[in-house]
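What follows is a set of notes on a single structure, which appears directly below.
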Amino acid sequence: MARPNDEVAALLREYADLLAITGKDAFKQRAYERAARAIGGHPADVSRLDAGELRAIPGVGRSIADKVEEYLRTGRVAAVEAARGELPPGVRELTAVPGLGPKKALTLCRERGIASVDDLAAALREGRLAGLRGFGPRTVENLLRGVELLRASGGRVLLDAATALAEEAVAALEAAPGCERAAPAGSLRRMRETVGDLDLLAAAREAGPVMDAFAALPFAAEVIARGETAMAVRTPGGLRIDLRVLPPDAWGAGLLHFTGSREHAARIRELAARRGLRLSEYGLFDAETGRRRAARTEAGVYRRLGLPWIPPVLREDRGEIEAARRGELPRLVTEEDLRGDLHTHTSLTDGLAPLSEMAAVATERGYEWFAVTDHAPDLRMQRMTKEKILAQREELRALQGSFGGMRLLHGTELNIGPEGGVDWPGDFLAGFDVCVASIHSHFGLDRAAQTRRLIRACENPHVHVIGHPTTRKLGSRGPIDADLDAVFAACARTGTALEINGHPNRLDLRDEHVLRARAHGVLFAVDSDAHTPGELAHTRYGIGTAQRGWLTPAEVVTTWPLDRLRRFLAERGR
DNA sequence: GCCGTTTTCGGCCCGACTGTTTTCAGTCG
């Protein structure tokens with residue numbers, strides 16, 4: 001079961017969507033969206049708040065607070081039920097189809113009785129949309145492809161794939177005649193865990209040559225749209241890439257606008273409006289005189305609004321604007337802060353490179369220490385034994401000193417059993433420098449059992465880090481069902497660190513969990529979980545997640561110098 | 001429906017592109 005905040009947020013979001021589809025007041029709809037976001041991201045459990053505390057959440061007033069209380073008390077909200085009653089239940093999912101918004105969804109429902117994506121697909125195939133106002137042949141074609149796309153991909157790509165595409169595209173744009181600079185914006189720049197489409201920006205006086213270079217990219221399979229300064233292409237895999245070409249002197253305003261999030265940008269524009277200014281991708285203007293006040297740099301635009309520059313990873317309207325105003329933005333952890341990695345594999349188990357090779361690449365990354373943590377025997381397919389791991393320890397000791405000043409640490413990745421036990425007895429575990437413990441099986445246990453096993457693993461005095469705590473895999477496996485707040489509290493109590501696994505298909509913990517765990521006072525380990533030397537660089541995505549969770553270096557044990565890390569490993573506390 | 005260091009009422013964020021339009025609504029970011 002979801003936590004109350006998520007349930008309430010989902011309900012408010014549904015209500016906002018229903019208001020949009022049925023054409024109700026757009027401002028009311030926006031108010032519900034804002035409240036949903038605020039409640040979803042609120043650190044305290046809404047089911048434990050009184051009316052006053054509820055209304056203290058920004059965007060929650062009397063009416064919404066009443067509905068939240070009604071929901072928590074009765075499990076339903078009359079107003080939402082009524083709105084649901086106005087539409088067949090499947091209509092809302094129609095708006096997930098690219099190119100299909102609330103207005104067209106309503107038309108389809110009212111005029112043709114279409115109430116689901118499947119209905120829509122059938123109607124399109126059978127030509128039943130003919131004669132419907134606003135649904136000409138081009139629209140029908142686009143909707144067909146939209147349905148196809150929605151079904152094929154679920155819509156989003158992993159961060160590493162998006163990063164690779166963006167880097168290649170940016171290099172090509174920068175090489176175009178007249179292009180002064182180019183950069184990714186959007187959710188990629190904010191380091192969201194997946195990317196729905198790619199936003200690129202370029203600065204040039206003449207847009208034409210830059211757009212030509214964009215259209216000529218090898219992965220630009222199809223041009224979806226092309227205007228004076230904006231265009232969009234689709235990759236063979238179905239990913240949409242948007243390009244916007246800006247005048248060079250509007251670079252900062254454009255970057256801010258297209259980096260988003262939409263919610264953050266909207267609040268910044270609102271802030272500007274309140275000061276008699278108007279913000280667009282072309283700059284910050286005096287609303288009366290039209291004179292431009294700032295545009296060249298992001299920092300300049302923020303400064304003009306009385307704010308310091310806000311890092312893109314924080315721009316989600318999760319309190320960053322308020323923190324910026326108070327001068328309390330965190331000093332975010334960066335990749336340069338990392339001094340080591342506590343979760344890596346070698347060819348002794350399922351890694352692809354020997355210990356010496358992994359360590360050599362770790363040295364190149366400038367690490368001060370480096371832990372090798374191959375799988376323990378309960379993961380049967382790895383065929384691990386005491387003898388094999390002790391032999392690895394000898395090998396590691398023999399290599400100690402071969403990698404400049406970098407210190408090698410010997411560890412293992414234990415398996416958390418269904419009851420919370422781990423592979424080896426305590427006296428054997430005591431021989432390791434570091435133990436990571438992770439769930440690799442029994443994903444289907446109920447919430448109480450999952451919570452119990454994780455807490456037991458935390459309480460094991462030999463366990464230093466809980467690896468990929470929710471075990472989700474993006475696009476293929478959901479998270480286990482556990483009371484994470486109870487687990488976070490146990491980690492804080494026992495001094496066990498939670499991993500932020502940087503593998504792009506894990507990113508586990510995810511940003512929202514990091515924010516919540518942080519409120520409990522938990523320590524974190526940003527790790528690569530590398531199975532090849534190249535994957536050691538996956539920490540960049542883990543760092544992105546850590547930053548989105550507002551973490552500072554002090555909270556991340558993998559940024560600590562060796563002596564401090566050793567104290568943590570010895571005492572497992574602070 | 002929310003909100004207030006000019007406001008407790010009257011505001012509430014901005015622009016590009018597409019398609020089906022003879023002047024603009026819908027969608028998206």
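Sequence lines set the chain letters: A, B, ... in the order given, protein chains first and strands last, and positions in each chain run from 1.
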Rounded C1' spacing from dC2(B) to dT8(B) in Å: 12 Å
Taking the nucleotide of DNA chain B with the closest heavy atom to each, which residue, Y32(A) or G227(A), is nearer the 5' end? Y32(A)
Heavy atoms under 4.0 Å, any strand shown: does N142(A) hit a base, just sugar-phosphate, or nothing? sugar-phosphate
Would you find a donor on one side and an acceptor on the other, under 3.5 Å apart, between the side chain of R315(A) and the backbone of I310(A)? yes
Which whole number of Å gives the distance between the C1' atom of dG29(B) and that of dC13(B)? 13 Å
Considering residues, nucleotides and ligands other than R331(A), do more than 12 of their heavy atoms fall under 6.0 Å from its CZ? yes
Could you work out the separation of dG10(B) and dC17(B) based on their P atoms and round it to a whole Å? 37 Å
Going by atom types alone, do D45(A) and S47(A) pair a side-chain donor with an acceptor below 3.5 Å? yes
Which part of the nucleic acid, if any, lies within reach of V140(A) when heavy atoms closer than 4.0 Å are counted: base, sugar-phosphate only, or nothing? nothing
What interatomic distance, in whole Å, is found between P of dT20(B) and the corresponding atom of dA16(B)? 22 Å
Does this structure show an ion pair linking K473(A) with D508(A), if we count only N-O contacts that are shorter than 4.0 Å? no
Determine the contact category for K67(A): base if any of its heavy atoms lies under 4.0 Å from a base atom, sugar-phosphate if only primed atoms, P, OP1 or OP2 are that close, otherwise nothing. sugar-phosphate
Along DNA chain B, first and last positions that approach a heavy atom of chain A under 4.0 Å: dG1(B) to dG29(B)
Sole residue of D511(A), D485(A), N5(A) in side chain to side chain donor-acceptor pair (under 3.5 Å) with R516(A): D485(A)
Please work out if R34(A) contacts a base, only the sugar-phosphate, or nothing of the nucleic acid, heavy-atom cut-off 4.0 Å. nothing
Taking the same atom, C1', in dC14(B) and in dT21(B), what whole-Å distance lies between them? 23 Å
For the CZ atom on R325(A), are there more than 12 heavy atoms of other groups (residues, nucleotides or ligands in this structure) within a distance under 6.0 Å? yes
Any side-chain heavy atom of V245(A) sitting closer than 4.5 Å to one from M211(A)? yes
Which part of the nucleic acid, if any, lies within reach of R262(A) when heavy atoms closer than 4.0 Å are counted: base, sugar-phosphate only, or nothing? base
Pairing nucleotide - dA25(B), Watson-Crick or G-U, each distance under 3.5 Å: dT18(B)
Check this for me: R62(A), atom CZ, are more than 12 non-hydrogen atoms of other residues, nucleotides or ligands nearer than 6.0 Å? no
For the C1' atoms, the ones on dT7(B) and on dC12(B), what distance do you get once it is rounded to whole angstrom? 13 Å
Taking atom P in both dT18(B) and dG11(B), what distance in whole Å separates the two? 34 Å
In terms of the nearest nucleotide of DNA chain B, which residue is placed more toward the 5' end: M231(A) or K28(A)? K28(A)
Checking all strands, does R226(A) fall into the base, sugar-phosphate, or nothing category for heavy-atom contacts under 4.0 angstrom? sugar-phosphate
Between E33(A) and R13(A) (salt bridge meaning N to carboxylate O under 4.0 Å), is one present in this structure? no
Within residues 270-290 of chain A: residues closer than 4.0 Å to DNA chain B (heavy atoms): E270(A), R278(A), L279(A), S280(A), E281(A), Y282(A)
Strictly below 4.0 Å, N to O, side chains only: are R189(A) and E298(A) in salt-bridge contact? yes
